[in-house]
Asks: 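To start, I am sharing the structure in question, which I have written as structure tokens.
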Number of protein chains: 2
Amino acid sequence: MTLDWTERFQGTAALPRAVRDRLIDVARIIHLEEGAQVFGPANVPDSLFFLYDGRIRVSQSSDTGREITLYRVDAGESCVLTTACMLAEEAYNAEGVAETEVTAVVLPKPAFDRLVTEEEAFRKFVFNAYSKRLIDLLRVVDDVAFGHMDVRLAERLLALAGDVKEIPATHQQLASELGTAREVVSRVLSDFQKREMIAQSRGRIALIDKKALKILASSK
Amino acid sequence: MTLDWTERFQGTAALPRAVRDRLIDVARIIHLEEGAQVFGPANVPDSLFFLYDGRIRVSQSSDTGREITLYRVDAGESCVLTTACMLAEEAYNAEGVAETEVTAVVLPKPAFDRLVTEEEAFRKFVFNAYSKRLIDLLRVVDDVAFGHMDVRLAERLLALAGDVKEIPATHQQLASELGTAREVVSRVLSDFQKREMIAQSRGRIALIDKKALKILASSK
DNA sequence: CATGTTAGGTGACAAAGTCACTGAAGAGGT
DNA sequence: ACCTCTTCAGTGACTTTGTCACCTAACATG
């Protein structure tokens, strides 16, 4: 696969051709199937991932069985948490799981170090990635600490739906998105249903009044 | 102040003499008094801070008046959130406030870029700083999303106390540490008092049974 | 000592998390 | 088609946390 994959990489600091060519020399391309764990407590990586295609969900779980989505890594982004992971000796319970089939560029640490040293564009790309994640996490903290469940759930439903109107998701999955319990999601959803904003069937939710959801999502 | 201040800077990548000398050329040293805002929504910095002495508290506040401490920047550390701040156009509501009198080294962005480019030790220092903060935030998310109030408060009391046994803090200040409401702190503290773990007086809390607090802090 | 300000207490209620249990929907085999 | 197993969702009771309104206590100042 000698494609021009670095064109995929976005951000203020898209990688110019010179850097891309160098990357191709040192990088390895891997495929992961849906559901595969990219990294986790029992699986500390020694390389850096740059996502060419697919999506990775990064989450944190409690020892009481609850879970929360921290952010998603999309095509063109890198997963800097693995870097932090490598540097920090501490054990912590974040994990990344491939949400779709994934094609990623894997850069061994020495190669990463060299590129960071020698290529300004690459360095900017990496700094950008760090900053983006920091800000993602600030948003999560804000949400969890100060947000209301109904608002957060409405937001998430809209985000997961995108352009379509039906979402394939169980209550448990939504609870894991938001870091809450299934029962709580069930309660809020049945409220949404009463107010005719959604319709439910086993494992799917239809957003029948997106407008109302949007109003709710941007309130409180 | 031509002191050897870079000796203060810690981490896996302590800065060697060569880098320190270069830093001194380009850096400006500033003093801030206790309570001064280092950065904030209305005060987006265009420079990077390296803390020589003192402590900065970085917090996030909701629009409903609640607040949570994200982490503290101690002597020898840098505040990378300002970097993220600069890169991200988004407005967000994190702010840094000097908790003590502060002496900091200020590096204008161009100088920062140059150093990052040319000095490996400096680059490592910065990457380390980013990683540390990411992990700090993971911890905050974990706490807020899954932690119990009594445990979190016990932890915080012990952390704030350090070696001594009395803490000068109001219930409101503790609430702002944990991202909760004053009434909640009052309730939990009065419970601690009933269980004879602490003693209270206006604006101060005495930890009279640290052992019990420690047990509580490492449970659930 | 009078007065204003800030810290802390209280009770009632709402929102969210926990627990134990129930029934319903679908998948797979026969 | 029917039975069975598993997963998903609904429910009620209860606990914890957050919110609101209001009150009292402690200190600071003139």
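Chain A is the first sequence line, chain B the second, and so forth, proteins listed ahead of strands; every chain is numbered from 1.
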Asks: With a 4.0 Å cut-off on heavy atoms, is B:Thr180 in touch with a base, just the backbone sugar-phosphate, or nothing at all?
Replies: sugar-phosphate
Asks: Write down the distance between CD (B:Gln172) and C1' (C:dT6), rounded to a whole number of angstrom.
Replies: 11 Å
Asks: Go nucleotide by nucleotide along DNA chain C from the 5' end; which of B:Gly203 and A:Arg182 gets its closest nucleotide reached first?
Replies: B:Gly203
Asks: For the helix from C:dC1-D:dG30 to C:dT30-D:dA1, measure the angle between the helix axis at one end and the axis at the other, each built from five pairs, rounding to 10°.
Replies: 30°
Asks: When you compare the side chain of B:Ile205 with that of B:Leu174, does any pair of heavy atoms fall below 4.5 Å?
Replies: yes
Asks: State plainly whether the residues A:Glu77 and A:Arg55 are in salt-bridge range, i.e. N to O under 4.0 Å.
Replies: no
Asks: What's the spacing between A:Leu137 CG and B:Leu134 CG if we round to 0.5 Å?
Replies: 6.0 Å
Asks: Taking only residues two or more places apart in sequence, or in another chain, which ones meet A:Glu183 in a salt bridge (Lys or Arg N to Asp or Glu O under 4.0 Å)?
Replies: none
Asks: Look only at the side chain of B:Arg66 and the backbone of A:Ala145, and say whether a donor-acceptor pair between them is shorter than 3.5 Å.
Replies: yes
Asks: Please give me the minimum heavy-atom distance between B:Gly40 and B:Glu95, naming the atom from each residue.
Replies: CA-CB, 3.9 Å
Asks: Any carboxylate oxygen within less than 4.0 angstrom of a Lys/Arg side-chain nitrogen, looking at B:Asp136 and B:Arg133?
Replies: yes
Asks: I need the residues from residues 184-196 of chain A with at least one non-hydrogen atom less than 4.0 Å from DNA chain C; give them sorted by number, or say none.
Replies: A:Val184, A:Arg187
Asks: At less than 4.0 Å, is any side-chain N or O atom of A:Arg66 found next to OP1 or OP2 of C:dT18? Yes or no.
Replies: yes
Asks: Roughly how many Å is it from CD in B:Glu183 to C1' in C:dG11, rounded to a whole number?
Replies: 12 Å
Asks: Using chain B heavy atoms and a threshold of under 4.0 Å, write down where along DNA chain D the contacts begin and end, 5' to 3'.
Replies: D:dT17 to D:dC27
Asks: Do any N or O atoms of the protein come closer than 3.5 Å to N or O atoms of nucleotides 22-27 of chain C, and which pairs are they?
Replies:
| from | atom 1 | to | atom 2 | distance (Å) |
| --- | --- | --- | --- | --- |
| C:dA25 | N3 | A:Arg202 | NH1 | 3.2 |

Asks: In residues 141-160 of chain B, which ones come under 4.0 Å of DNA chain C, going by heavy atoms?
Replies: none
